[in-house]
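Notes follow the structure.
Naming: A, B, ... by sequence-line order, numbering from 1 per chain. The structure displayed is predicted, hence computed values, not measured ones.
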2 protein chains.
Amino acid sequence: MDDELKLKSQVCFPVYALSREIVNVYRPILDEIDITYPQYLVMMVLWENEPQQVNEIGDKLNLDNGTITPLLKRMAAKGLISRKRSSNDERVVEISLTEQGKLLQTKAAVVPQKVVEAMGITPEDLKQLKELVIKILNRAK
Amino acid sequence: MDDELKLKSQVCFPVYALSREIVNVYRPILDEIDITYPQYLVMMVLWENEPQQVNEIGDKLNLDNGTITPLLKRMAAKGLISRKRSSNDERVVEISLTEQGKLLQTKAAVVPQKVVEAMGITPEDLKQLKELVIKILNRAK
DNA sequence: CACTATTATATCGTGCACGATTTTATTTCA
DNA sequence: TGAAATAAAATCGTGCACGATATAATAGTG
């Protein structure tokens, strides 16, 4: 049998498995502040700068608008963000943080440390992983 | 602002983004043999050994049965696999390849090379990535 | 031998994730 | 200026992904 078609030979499968494992590690930690991992990513984008357009957020997270639009709607329904049509350009929807969304940042401050602890990963491996993944990601896109 | 809550500081986000990018690279390639990436993973598990129980496949792919059961049902509906209750233990469902499922292996032989080309990744980075990700994955679980 | 615990699978509900298409607004340029 | 092109969001359909729960069969135990 062709070795390349064996699961053990795969490089992509461990990445796919690690990605899901990461989300599973985040889940119980983010449950405490009542958001999901993709929602947490959106919040990080907005804590850094707001308001932002739907597409700006999608570009930063590499999510297309078929994903980001319903994601933002769930977040708006939860009271974390607000959506307003731009008066300059009626096509654009500006996403801003609500007071509740701003306050969540304080509660989220403990998340990074908790995740590192839960994953049991060393800072060296972390750094190496990030550099390598970003290198590959940049080439792939 | 707390730097740890910035997207740029994140390690997990690049892994999550790379995982989705990988699936997106596979998509057009696997479209030609009419399967999805998770279905391709199941096929690899079965090409290596069959029949296998539902849970055996799920364990190898780290997928719980809320994911694997409907996935296998779609594959059975497509004619790639067959599902049969074990006569020894009526709880167990044995998953086997159909003739069509076996034949697909030949058509899939070109997939690994095509993916490597499409990703534009060097063999050294590939090897390094795999080792690092597996190391982290083993610690996290 | 019943009664409880365990195991294997299925089901249900929610939330991504993406391609394809649609809708509406703005821009371009003949 | 008005038709065609482009751009921003939204919508639709399909397929994961997972926790929680349910169902049914087998195993263990007093």
Side-chain angles (χ1 to χ4, degrees), chain A residues 13 16-31 34-43 51-59 61-78 80-81 83-95 141, chain B residues 13 16-31 34-43 51-59 61-78 80-81 83-95 141:
Chain A
F13 171 64
Y16 161 78
L18 178 59
S19 176
R20 285 186 292 112
E21 182 58 25
I22 285 172
V23 175
N24 290 341
V25 166
Y26 268 99
R27 198 186 319 278
I29 296 167
L30 292 179
D31 271 354
D34 194 34
I35 54 173
T36 65
Y37 184 65
Q39 290 171 15
Y40 174 66
L41 294 177
V42 171
M43 292 308 286
Q52 286 190 62
Q53 299 183 7
V54 173
N55 272 348
E56 286 181 288
I57 299 169
D59 287 348
L61 301 180
N62 298 312
L63 293 170
D64 76 13
N65 57 21
T67 302
I68 202 80
T69 294
L71 179 56
L72 292 174
K73 282 194 171 180
R74 284 187 290 269
M75 294 176 74
K78 231 177 228 183
L80 294 172
I81 61 169
R83 305 152 51 76
K84 192 167 69 79
R85 288 273 165 190
S86 162
S87 45
N88 292 346
D89 185 338
E90 286 286 335
R91 291 172 303 184
V92 171
V93 172
E94 303 277 7
I95 306 295
K141 281 191 299 191
Chain B
F13 171 65
Y16 161 78
L18 179 59
S19 175
R20 286 186 293 111
E21 182 59 25
I22 285 171
V23 175
N24 290 341
V25 166
Y26 268 100
R27 197 185 319 278
I29 296 166
L30 292 179
D31 271 353
D34 193 33
I35 55 173
T36 66
Y37 183 65
Q39 290 172 14
Y40 174 65
L41 294 176
V42 171
M43 292 307 286
Q52 287 190 63
Q53 299 183 8
V54 172
N55 271 349
E56 286 181 289
I57 299 170
D59 287 349
L61 301 179
N62 298 311
L63 293 170
D64 77 12
N65 57 20
T67 302
I68 203 77
T69 294
L71 179 56
L72 292 173
K73 281 195 170 179
R74 284 187 290 270
M75 293 176 74
K78 229 177 232 184
L80 294 173
I81 61 169
R83 303 153 50 77
K84 193 168 68 80
R85 287 273 165 192
S86 162
S87 45
N88 292 347
D89 185 338
E90 285 286 335
R91 292 172 301 183
V92 171
V93 173
E94 303 277 5
I95 306 295
K141 280 192 300 193

In Å and rounded to the nearest 0.5 Å, what is the CG to CG distance from B:L18 to B:N24? 11.0 Å

Spacing of B:I22 atom CD1 relative to C:dA17 atom P, expressed in whole Å: 15 Å

Can you tell if the side chain of A:V42 reaches within under 4.5 Å of the side chain of A:M75, non-hydrogen atoms only? yes

Let me check I have this right: for DNA chain C, each base becomes ., (, ), [, ] or |, based on Watson-Crick or G-U pairs with both distances under 3.5 Å. What is the full string? ||||||||||||||||||||||||||||||

Mind calculating the distance between CZ (A:R27) and C1' (D:dA20) to the nearest angstrom? 12 Å

Mind checking whether A:L30 and A:Y37 have side chains closer than 4.5 Å, heavy atoms only? yes

d(CG, A:N88; C1', C:dT26) in whole Å: 12 Å

Spacing between B:D64 atom CG and C:dA10 atom P, to the nearest angstrom: 13 Å

Using a 4.0 Å heavy-atom cut-off across all strands, classify A:D31 as base, sugar-phosphate, or nothing. nothing

Distance in angstrom units between A:R20 CZ and D:dA17 P, rounded: 6 Å

Parallel, tilted or perpendicular: rings of B:Y40 and B:Y26 (30°, 60°): tilted

Contact between A:Q52 and A:E94 at the side-chain level, heavy atoms closer than 4.5 Å - yes or no? no

Using only atom types and a distance under 3.5 Å, with no angle test, would you say the side chain of A:D64 pairs donor to acceptor with the backbone of A:T67? yes

Here the distance between atom C1' of D:dG19 and atom CG of B:L63, to the nearest Å, is 14 Å

B:Y16 OH to C:dC16 P, in whole Å, measures 8 Å

Is there a side-chain contact between A:N62 and B:E21 (heavy atoms, below 4.5 Å)? no

In the structure I gave you, are the side-chain heavy atoms of B:I95 and B:R83 within less than 4.5 Å of one another anywhere? yes

d(CD1, B:I95; C1', C:dA8) in whole Å: 12 Å

A:Y16 OH to B:I22 CD1 distance, which is reported to the nearest 0.5 Å: 11.5 Å

Nucleotide by nucleotide, 5' to 3', does protein get under 4.0 Å of the base (B), only the sugar-phosphate (S), or neither (-) in nucleotides 3-15 of chain D, counting heavy atoms? ----BSBBB---S

